[in-house]
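These notes concern the structure reproduced below.
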Amino acid sequence: QVQLVESGGGLVQAGGSLRLSCVASGTFFSINYISWYRQAPGKQRELVALIHRDGSTTYTDSVKGRFTNSRDNAKNTVYLHMNSLRDDDTAVYYCYTNVAMGLSGTPRNYWGQGTQVTVSS
């Protein structure tokens with residue numbers, strides 16, 4: 001079983017910054033990737049950013065140049081640095097991971113509980 005715990009959300013003014021954290025714990029062999037999703041009221045959950053095991057990252061177009069993924073492998077933690085926040089960034093942000101379970105590498109997926117980000121203009 002794997003647990004993901006997000007933190008760092010809150011209320012921020014437009015143009016401001018926040019840093020979200022996602023900590024993975026539990027029993028697993030390795031993390032294949034960790035991604036961030038967000039869901040705004042009345043909208044579908046969308047992929048925001050993803051960081052692979054090799055450190056490569058991808059971002060949805062709307063956050064490119066404003067959001068940055070980083071990680072601390074020793075702490076099994078991924079950070080989402082969010083700058084120049086806009087009203088349309090308001091959403092619940094979820095951490096999602098794909099891990100390899102045991103030496104067989106069987107993949108499993110897990111979600112965090114989410115953290116609210118509210119951007120006020």
(request) Measure from NZ or CZ of R45 to the centre of the six-membered ring of Y94, then state whether that distance is under 6.0 Å and the direction lies within 45° of the axis. (result)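 Judged by the rule (NZ or CZ under 6.0 Å from the ring centre, within 45° of its axis), R45 counts as positioned above Y94.
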
Please examine the side chains of [Y] and [X], heavy atoms only from C-beta on, and report whether any two atoms are closer than 4.5 Å.
X    : Y    : answer
T90  : Q116 : yes
S120 : L11  : yes
Y79  : D72  : yes
K43  : D88  : no
M82  : R66  : no
T60  : F67  : no
C95  : W36  : yes

If I take atom [atom1] from residue [X] and atom [atom2] from residue [Y], how far apart are they, to the nearest 0.5 angstrom?
X   : Y    : atom1 : atom2 : answer
L80 : R71  : CG    : CZ    : 15.0 Å
N69 : T58  : CG    : OG1   : 8.0 Å
Q13 : T118 : CD    : OG1   : 13.0 Å
S7  : L20  : OG    : CG    : 8.0 Å

Which pair of heavy atoms, one from [X] and one from [Y], lies closest together, and at what distance?
X   : Y    : answer
G9  : V117 : CA-CG2, 4.1 Å
V92 : G114 : CG1-CA, 3.9 Å
L85 : L18  : CD1-N, 3.9 Å
S56 : D54  : OG-OD1, 2.7 Å
L47 : A49  : CD1-O, 3.7 Å
Y93 : D89  : OH-O, 2.6 Å

(request) Could you walk me through whether R38 and E46 pass side chain to side chain contact (heavy atoms under 4.5 Å, CB included), step by step? (result) CA-CA 5 Å; R38 66 185 179 187; E46 65 168 345; 2.6 Å; yes

Same cluster or not: are [X] and [Y] linked, directly or through other Ile, Leu, Val, Met, Phe, Trp or Tyr residues, by side-chain heavy atoms under 4.5 angstrom apart?
X    : Y   : value
V12  : V48 : yes
M101 : L4  : yes
V63  : Y33 : no

Between [X] and [Y], is there a donor-acceptor pair closer than 3.5 Å when you use the side chain of the first and the backbone of the second?
X   : Y    : result
R86 : V119 : no
E6  : Q113 : yes
S30 : V99  : no

(request) Assign the ring pair Y37 / Y96 to parallel, tilted or perpendicular, where the plane angle (0 to 90°) is split at 30° and 60°. (result)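 The arrangement is perpendicular - the two ring planes meet at more than 60°.
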
(message) Which residue in the set I34, N109, N32 passes side chain to side chain contact (heavy atoms under 4.5 Å, CB included) when paired with T97?
(response)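 It is I34; the other options fail the test.
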
